[in-house]
Amino acid sequence: MSLTNAQLASTEDVCHPPSIHAEHAHAVRRQLLGVDTANSLADLFADLSDATRWQVVYALLHAPSGELCVCDLSAGLGRDDTTISHQLRVLRSHHIVSMRKVGRIVYYRLVDEHIRHLLAVGLTHANEPLTAALQPSEKEVSA
């Protein structure tokens, strides 16, 4: 019986035959990411899983004064105030941006350098040529 392409693809990501390398399994256990931390990371990336939010974060990263008001963001991004305001509320509720009021104007800025670094690393990764990401590393060993 021959395997379909889907069946072949689903089997190329697992060991044949299955074998456990005890020292590697123990290393995984010693460095295990805790459930709470994993959930926090998942929440952060979920909060940033919207293209408009990334555009807002990127705009704030490059704001000349380090902060922008909703009107400036809306005009600059070509979106309505309601959309940008909603996205800023989401980002603020998850401690990605902070705000300050000056009279009736509300300014937003990125909370800290971690968000700036996350954006920079994400941009670097997103702009990598796909072929480079798919090439096996030097550490990979063929059987």
Side-chain angles (χ1 to χ4, degrees), residues 4-143:
T4 67
N5 285 344
Q7 290 170 323
L8 285 172
S10 71
T11 62
E12 68 184 30
D13 292 336
V14 297
C15 301
H16 292 287
S19 62
I20 296 173
H21 302 91
E23 67 279 6
H24 295 168
H26 290 299
V28 169
R29 284 281 177 202
R30 282 191 307 273
Q31 298 298 320
L32 190 62
L33 183 62
V35 173
D36 291 342
T37 303
N39 284 331
S40 293
L41 281 169
D43 290 344
L44 173 64
F45 281 98
D47 297 336
L48 293 170
S49 68
D50 180 271
T52 302
R53 286 184 210 134
W54 275 114
Q55 289 177 317
V56 168
V57 169
Y58 188 82
L60 291 171
L61 176 68
H62 294 287
S65 64
E67 61 185 12
L68 293 166
C69 72
V70 175
C71 297
D72 294 339
L73 279 164
S74 299
L77 296 174
R79 306 296 295 267
D80 60 90
D81 289 355
T82 307
T83 298
I84 298 304
S85 182
H86 167 73
Q87 299 302 345
L88 286 164
R89 264 193 310 279
V90 171
L91 293 169
R92 186 168 163 247
S93 71
H94 291 73
H95 310 288
I96 295 169
V97 301
S98 61
M99 63 172 254
R100 73 177 180 95
K101 282 183 121 176
V102 177
R104 299 180 82 181
I105 299 176
V106 180
Y107 292 95
Y108 288 87
R109 69 179 333 119
L110 297 177
V111 168
D112 58 29
E113 285 300 310
H114 296 111
I115 299 301
R116 294 175 189 277
H117 293 302
L118 186 59
L119 176 61
V121 170
L123 285 169
T124 300
H125 182 74
N127 291 321
E128 284 180 346
L130 184 57
T131 54
L134 295 176
Q135 293 176 353
S137 71
E138 293 178 22
K139 292 182 179 179
E140 290 184 30
V141 178
S142 61

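Worth knowing before you read on, the calculation uses all heavy atoms, side chains too, and leaves out hydrogens, waters and symmetry mates. Along the sequence shown, residues are numbered consecutively beginning with 1.
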Note to self: Let's go through Val57 and Leu118 carefully: what are the C-alpha distance in whole Å and the side-chain angles of both, what is the deciding distance for side-chain contact (heavy atoms from CB on, under 4.5 Å) to 0.1 Å, and is it a yes or a no?
What the structure shows: CA-CA 11 Å; Val57 169; Leu118 186 59; over 6 Å; no
Check: Does the side-chain contact (heavy atoms from CB on, under 4.5 Å) test come out yes or no for Val90 and His86, once each step is laid out?
Finding: CA-CA 6 Å; Val90 171; His86 167 73; 3.9 Å; yes
Item checked: Stepwise side-chain contact (heavy atoms from CB on, under 4.5 Å) test for Gln87 and Gln55 -> CA-CA 10 Å; Gln87 299 302 345; Gln55 289 177 317; over 6 Å; no
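In this structure, the separation between SG on Cys69 and CZ on Arg100 is 10.5 Å, given to the nearest 0.5 Å. Within the model, atoms CG of Leu119 and CG of Leu48 stand 9.0 Å from one another, a figure rounded to the nearest 0.5 Å. Rounded to the nearest 0.5 angstrom, Leu60 CG and Arg116 CZ are separated by 8.5 Å. Remark: Leu73 CG to Thr52 OG1 distance equals 11.5 Å, nearest 0.5 Å.
Annotation: Glu23, atom CD; neighbour count of heavy atoms from other residues, nucleotides and ligands within 6.0 Å is above 12. The neighbour count for Ile20 CD1, taken as heavy atoms of other residues, nucleotides or ligands under 6.0 Å away, does not exceed 12.
The shortest side-chain heavy-atom distance between Asp80 and Ser74 does not fall under the 4.5 Å cut-off. The shortest distance between side-chain heavy atoms of Leu33 and Leu41 falls below 4.5 Å.
Distance alone, capped at 3.5 Å, places no donor-acceptor pair between the Arg53 side chain and the Leu91 backbone. Although no hydrogens or angles enter the test, the distance criterion places no donor-acceptor pair under 3.5 Å between the side chain of Ser85 and the main chain of Thr82.
In terms of heavy atoms, Val111 sits closest to Ser98 at CG2-N, 3.8 Å.
Residues satisfying the ring-ring contact (aromatic ring centres under 6.0 Å, His included) test with His26, not counting sequence neighbours, are none. Residues passing the ring-ring contact (aromatic ring centres under 6.0 Å, His included) test with Tyr58, sequence neighbours excluded: His62. For His117, there are no ring-ring contact (aromatic ring centres under 6.0 Å, His included) partners two or more places apart in sequence or in a different chain.
When each of Leu68, Val56, Ile96, Val106 is checked for a side-chain contact (heavy atoms from CB on, under 4.5 Å) with Leu88, only Val56 meets the rule.
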